[in-house]
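A quick write-up on the structure given underneath.
Predicted model only: the values in this text are computed from it and were never measured. Computed over heavy atoms, backbone and side chain alike; hydrogens, waters and symmetry mates excluded.
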Amino acid sequence: METSQPKKVTVQAVIQAPVEKVWRYWTEPDHITKWNQASEDWHAPRAENDQRVGGKFLTRMEAKDGSMGFDFGGVYDVVNRHEAIGYTMEDGRRVDIAFVDQGNETKVIETFDAESSNPVEFQQAGWQAIMDNFKAYTEQN
C-alpha cells in the first residue's frame, strides 16, 4: 500500500563554535545572506526573519548571473532558543532543526520532508552543501 507521507531527509554538521554563536549565525538575516547557498554561483541577496512561533521567514536565493531565483520561506511552528527550530514551508513540507550543545562545538541536525519533483539524493546533496557552507562561515567568522 502506497503512503502519501513524504520521505524524511537528514543533513548535519558539527560546528566548532558554542551554541549561542551557532544560533545567532543561523537566525540573523545579516549572517543568513552570507552562507545560505548550495554553490559558489548562487547567493542570498536578502533575508527576513520573524523568529517566533507563527512568525515568517524568507530568504531570496538567486543565481549570481541572474538567470534564475526563488524565495525560500515558511512559518515557524517551534522556536526553542539554542535548542530547536521547526517550520512549515510554503508548500506544506516540514523542517525540524536540532541544535545540540556540546560545549565548544554544536551539532546541527536538520530533517526535512523531501519534495517529489527531484531525486531525494539531489535534495540531500543540496541541503548538505548549504549546511557545509554554514559550518565554514560560522567557524571562519
Side-chain angles (χ1 to χ4, degrees), residues 2-141:
E2 193 85 14
T3 173
S4 63
Q5 290 291 81
K7 179 169 176 45
K8 301 271 186 203
V9 181
T10 299
V11 298
Q12 60 186 326
V14 175
I15 318 300
Q16 301 303 311
V19 70
E20 295 82 6
K21 178 181 179 182
V22 170
W23 182 270
R24 192 170 68 251
Y25 279 35
W26 188 275
T27 61
E28 291 179 2
D30 287 347
H31 292 295
I32 294 168
T33 59
K34 306 285 193 306
W35 60 262
N36 200 355
Q37 63 272 340
S39 66
E40 286 296 315
D41 51 342
W42 279 72
H43 68 145
R46 183 174 89 256
E48 302 167 14
N49 194 16
D50 180 7
Q51 192 179 8
R52 59 184 172 83
V53 173
K56 295 182 180 182
F57 71 91
L58 180 129
T59 302
R60 178 67 187 169
M61 303 175 93
E62 295 180 353
K64 288 181 180 176
D65 67 6
S67 62
M68 62 182 351
F70 62 93
D71 290 336
F72 179 83
V75 176
Y76 289 110
D77 306 306
V78 175
V79 178
N80 294 331
R81 186 174 174 84
H82 299 165
E83 294 177 9
I85 294 172
Y87 61 85
T88 303
M89 290 185 265
E90 292 172 344
D91 64 4
R93 292 182 295 136
R94 288 271 316 145
V95 178
D96 292 292
I97 308 154
F99 298 82
V100 182
D101 184 349
Q102 300 178 329
N104 286 332
E105 63 183 30
T106 305
K107 187 173 194 176
V108 180
I109 306 162
E110 185 173 27
T111 302
F112 65 94
D113 292 342
E115 44 95 353
S116 56
S117 20
N118 290 295
V120 169
E121 299 77 20
F122 178 77
Q123 295 173 66
Q124 184 169 25
W127 285 59
Q128 185 66 56
I130 293 170
M131 178 72 77
D132 294 345
N133 281 344
F134 173 74
K135 173 181 169 65
Y137 173 76
T138 303
E139 291 178 354
Q140 293 166 10
N141 292 281

Distance (rounded to the nearest 0.5 Å) between Trp127 CH2 and Thr10 OG1 | 11.0 Å
Does Arg46 pair with Glu48 as a salt bridge, N-O distance under 4.0 Å?
-> yes
Measure the spacing between CD1 of Ile109 and CG of Asp96 and express it to the nearest 0.5 Å.
-> 11.5 Å
When you measure from the side chain of Asn49 to the backbone N and O of Thr27, does any donor-acceptor pair fall under 3.5 Å?
-> yes
Would you confirm whether Gln128, through its side chain, and Gln12, through its main-chain N or O, come within 3.5 Å as a donor-acceptor pair?
-> yes
Atom pair CD (Glu110) and CD1 (Ile97), whose distance is rounded to the nearest 0.5 Å = 4.5 Å
Under 3.5 Å: donor-acceptor pair, side chain of Asn141, backbone of Tyr137 = yes
Would you say Lys21's side chain and Thr138's backbone share a donor-acceptor pair under 3.5 angstrom?
-> yes
What one should report as the nearest heavy-atom pair of Ala114 and Arg93 is O-CD, 3.6 Å
Can you tell if the side chain of Phe99 reaches within under 4.5 Å of the side chain of Ile85, non-hydrogen atoms only?
-> yes
Is the shortest heavy-atom distance from the side chain of Asp65 to the side chain of Asp41 under 4.5 Å?
-> no
Would you call Lys135 and Glu139 a salt bridge, taking side-chain N to carboxylate O under 4.0 Å as the test?
-> yes
Mind telling me whether Phe72 and Phe57 have parallel, tilted or perpendicular rings, with 30° and 60° as the class edges?
-> tilted
Mind checking the CE-CH2 spacing from Met61 to Trp42? Nearest 0.5 Å is all I need.
-> 7.5 Å
What do the steps show when you test Val22 against Arg24 for side chain to side chain contact (heavy atoms under 4.5 Å, CB included), and what is the final call?
-> CA-CA 6 Å; Val22 170; Arg24 192 170 68 251; over 6 Å; no
Lys8/Asp113 salt bridge by N-O under 4.0 Å criterion = yes
Taking it one step at a time, do Glu105 and Lys107 satisfy salt bridge (Lys or Arg N to Asp or Glu O under 4.0 Å)?
-> CA-CA 7 Å; Glu105 63 183 30; Lys107 187 173 194 176; over 6 Å; no
If you draw a 6.0 Å radius around CG in Asn104, do more than 12 non-hydrogen atoms from other residues or ligands fall strictly inside?
-> no
Output yes when a side-chain donor or acceptor of Thr106 lies under 3.5 Å from a complementary backbone atom of Ala17, and no otherwise.
-> yes
Note, Trp35 side chain near Ile130 side chain (heavy atom, < 4.5 Å) | yes
State, yes or no, whether a side-chain contact exists between Met131 and Val108 at a heavy-atom distance under 4.5 Å.
-> yes
Charged N-O contact under 4.0 Å between Arg60 and Asp71 = yes
Could you tell me whether a side-chain N or O of Arg94 sits under 3.5 Å from a main-chain N or O of Phe112, the two making a donor and an acceptor?
-> no
Under 3.5 Å, is there a donor-acceptor pair between the side chain of Glu115 and the main chain of Ser117?
-> yes
So how far is it from Lys34 NZ to His43 NE2, rounded to the nearest 0.5 Å?
-> 12.5 Å
Answer yes or no: is there a side-chain heavy-atom contact under 4.5 Å between Gln124 and Val11?
-> yes
Lys7 vs Val120 side-chain heavy atoms within contact, under 4.5 Å | yes
Of the non-hydrogen atoms in Ile32 and Ala47, which two are nearest, and what is the gap between them?
-> CG2-CB, 3.9 Å
State, to 0.1 Å, how close Ala38 and Ala129 come at their nearest heavy-atom pair, and which atoms those are.
-> O-CB, 3.4 Å
Quick one: are Tyr87 and Val79 in side-chain contact, heavy atoms under 4.5 Å?
-> no
Please walk me through it: do His31 and Trp26 pass side chain to side chain contact (heavy atoms under 4.5 Å, CB included)?
-> CA-CA 7 Å; His31 292 295; Trp26 188 275; over 6 Å; no
Can you tell me if Tyr25 and Asp30 form a side-chain donor-acceptor pair at under 3.5 Å?
-> no
Should Gln123 and Val9 count as side-chain neighbours, where that means a heavy-atom distance under 4.5 Å?
-> no
N/O donor-acceptor pair under 3.5 Å between Asn133 side chain and Gln37 backbone | yes
Does any donor atom in the side chain of Asp77 or Thr88 lie under 3.5 Å from an acceptor atom in the other side chain?
-> yes
Please answer whether the main-chain N or O of Trp23 pairs with a side-chain N or O of Glu20 as donor and acceptor at a distance below 3.5 Å.
-> no
So, are Lys64 and Glu62 salt-bridged, with charged N and O less than 4.0 Å apart?
-> no
